[in-house]
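So you know, we letter chains A, B, ... as the sequences are listed, proteins then strands, and number each from 1.
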2 protein chains.
Amino acid sequence: MPGGLLTDMYELNMAASYLRHGMTDQATFSLFARRLPADRGFLVAAGLEDALDFLESFALEPEDLAYLREVQGYDAETLRALAGLRFTGEVWAVPEGRAVFAGEPLLEVTAPIAEAQLVETVLLNHLTFQTSVASKAARCVLAADGARLIDFAFRRTQGIEAGVAVARATAIAGFAATSNAEGARRHGLPASGTMAHSYVQAFPDEEAAFAAFAADFPDRTTFLVDTYDTVAGVRTAAEVARRLELAGSAVGVRLDSGDLADLAVRARRLLDAAGLRQAVIVASGGLDEYAIADLVRAGAPIDAYGVGTRVGVSADAPSLDTAYKLVAYGDRPVMKLSPGKMTLPGAKQVFRGPRSDVIALREEAPPPGWRPLLVPVVVAGHRVAPPERIGVMRDRCMSELARLPAPVRVLRAPGTVPVEISPRLRRLQDDLVRTLRERGPA
Amino acid sequence: MPGGLLTDMYELNMAASYLRHGMTDQATFSLFARRLPADRGFLVAAGLEDALDFLESFALEPEDLAYLREVQGYDAETLRALAGLRFTGEVWAVPEGRAVFAGEPLLEVTAPIAEAQLVETVLLNHLTFQTSVASKAARCVLAADGARLIDFAFRRTQGIEAGVAVARATAIAGFAATSNAEGARRHGLPASGTMAHSYVQAFPDEEAAFAAFAADFPDRTTFLVDTYDTVAGVRTAAEVARRLELAGSAVGVRLDSGDLADLAVRARRLLDAAGLRQAVIVASGGLDEYAIADLVRAGAPIDAYGVGTRVGVSADAPSLDTAYKLVAYGDRPVMKLSPGKMTLPGAKQVFRGPRSDVIALREEAPPPGWRPLLVPVVVAGHRVAPPERIGVMRDRCMSELARLPAPVRVLRAPGTVPVEISPRLRRLQDDLVRTLRERGPA
């Protein structure tokens, strides 16, 4: 969806006003999550790729300008100024797959203020949504304790584009495959999919359906066994597999309703008794990290989890309390004093140490051995590197998850990694608060 | 986002299998919400327009077929069959803006089974998401008790396309405007937008910022007053309005943090004392129907609410428990027996009476004076009417909301409208359960 109107109307009005008043100084905006949602000990950064795509192609097209003239009453001079706008700035960001915590900038933009202002809405949107989903998906990966996870969310994501983004975000977080055909194609992911209840019902009986499907897909047959009666369905699946001489892990059963822990045990016994020891048991149906953890704790012999809606909309935290705040304009650091919404002034960096993070000013040197999280990704309006491959981001995420302290990884009431403010940044903030308060009521 | 791969991989595998087995009979699928989320007494149907757009343009393009051949190993004969597929079926649906309840079909598709199966994912996606949001937005409209509502969600919706859909869904539910410039343009909605904190901060002080903005937009100046100190900000706004001789409802203040009820009272007094009796007070910041109801109950003198994230992601119910179930194949009604997921067989209609609804078979006649909810919207693959205008759908929704019984309209622990099953449909279901159970374990 191209177009320079992919923004809030107030961004356009502000940009118009900046241009009219000749305000073209460099502004730095910082994008961060003010706090973590309940039961989140960490976030997994995601959405940067879509954000950078947007920045590189940002422009108001003739039809955008026509709308602003005809419907919003913009004057010719303002429209000329807007027509020439491209994103020419610099972006520092945390790479996708990296763990981040409350208050840490995910991304900082430095650009002439009109440009930096106009891109706010889309940057916030991509990073907020995709970070929510990647974070939720990473929790499922931790809960699954080595079992495979498959993204089943496409049918109930918040829009089609969201579904494709979910396929990618869950892959970054460690999911093994997606049911989403377009998501799989676009992002080079393994596509997973077998049969729905309707398939079973379209045949005269379950056995006929299973036999037909196995004949068509003998190398990847997962029988959906709960259309009528799950245990009977497993027996039928085993019988069809025997008759058609299917074997190994190409055979599977999917349990989609009922007591999954109990049914998995019964299915495993029946499959083993039928000589199908390598047959795979897939569980699905309203799963999330909590349900997966319960099944793992119960010792359910489940090899793969199909995880859909609850991850695809990040059901218990469908958004993050993110902000995109002006922290410097021209040579002047700035901040907000609104209750509960105070901001950290200046362009920043985050240093990750062995047991804590420090938010510092961009120009500060890291403590020896500490690693900076934000890296330059756009310079003079252009990316400094091609898009990262999913595998690279996934490896990064897996190593991040492995490094998280145990109390931060737990699903309920997790701890978090301490995030400190560097002495220099703290001093700048204190000085600025004093200056703003001394100036008195406007 | 065009493309025949906008579906789950299992839909493609099933469609391939149906085609290989010569299964081309007409199938009817029913799309409905199994139950309402907690604290929802009704849903507002939405998303149909995007669903119909998709159906009319459905086709597997050469690059889709290439992917299926090269990556998924589809054979040439299957690919030829898939290449020729278009949606040729019939669709009955509940018009957007209509209130619906648990179990009632929002939409039914009748088409050759491969076609009907392939479109499942996208139909479920659009109707689930947009119905969630329209329903949440309608609750805000009820809570606001006549105050204006403005969609502020774009920055935190689940993707860009979702943001544009939210602008439309909230408009259907009665919102007066949207901050989303592209949403406003695309759907012909009033666009609303003034200034952010960054604008105030980019000027040397608040007064300079207010004066600059008012000079640029004298006919629609809403001052954001909480960047430093809200009450001082209101005083500055009043002073700037006086100096620039702004008047009437073209002047407004926006409160975006703090105790909104208290601040609105204080802002009203200051504005009235400054002779700005018509100046508008806008409140925003994490609002939803619950917060709006509290403010209305407190008598806060707020003229308009900017409602963002919580409605844009339907925060307390970000998805619905929707299903798309095969209910007939060929001349045979079908159903599922899975625990908690039993379905109603056959093509259906819903009749709305004075105090209850009845789900009946499609061919049944309504009780005298009862109105059928589902209307034919696609015949032989094409729409029977042009897209409805937003105003038509909004009027429909407003009259639906007005007709809802009081206990169904309340925000917490609402009642619901009784939904009965017609005797004929009940008989068909009972007979079919008996037949399926007698057939025994597969």
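Judged by distance alone, the side chains of B:Asn125 and A:Thr157 do bring a donor and an acceptor atom under 3.5 Å apart.
The main-chain N or O of A:Gly193 is found under 3.5 Å from a side-chain atom of B:Asn13 such that the two form a donor-acceptor pair. In this structure a side-chain-to-backbone donor-acceptor pair under 3.5 Å is present from A:Gln201 to B:Met335. Proximity of a side-chain donor or acceptor of A:Glu161 to a complementary backbone N or O of B:Ala162 within less than 3.5 Å is not detected.
Proximity to chain A (any heavy atom under 4.5 Å) is restricted, for B:Tyr67, to the side chain, taken from C-beta onward. Residue B:Ala196 touches chain A through both its backbone and its side chain, counting heavy-atom pairs closer than 4.5 Å. Only the backbone of A:Leu320 comes within contact range of chain B, with at least one heavy atom under 4.5 Å from a heavy atom of that chain.
For the side chain to side chain contact (heavy atoms under 4.5 Å, CB included) test with B:Pro318, the passing option among A:Ser319, A:Ser314, A:Pro318 is A:Pro318; the others fail.
In this structure, A:Arg20 satisfies the cation-pi test against B:Phe217, with its NZ or CZ atom closer than 6.0 Å to the six-membered ring centre and inside 45 degrees of the ring normal.
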Derivation and outcome, side-chain contact (heavy atoms from CB on, under 4.5 Å), residues B:Tyr199 and A:Tyr10: CA-CA 10 Å; B:Tyr199 183 87; A:Tyr10 82 166; over 6 Å; no
Derivation and outcome, side-chain contact (heavy atoms from CB on, under 4.5 Å), residues A:Asp8 and B:Phe152: CA-CA 8 Å; A:Asp8 285 301; B:Phe152 274 13; over 6 Å; no
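The pair A:Asp64-B:Arg185 counts as a salt bridge, with a side-chain nitrogen and a carboxylate oxygen less than 4.0 angstrom apart.
Nearest heavy-atom pair across A:Phe154 and B:Thr121 is CD2-CG2, 3.5 Å. The heavy-atom pair separating B:Leu326 from A:Ala202 by the smallest distance is CD2-N, 3.9 Å.
The shortest side-chain heavy-atom distance between A:Met23 and B:Phe203 falls under the 4.5 Å cut-off. Side-chain contact between B:Arg155 and A:Thr128 is absent, with no heavy atoms from C-beta onward closer than 4.5 Å.
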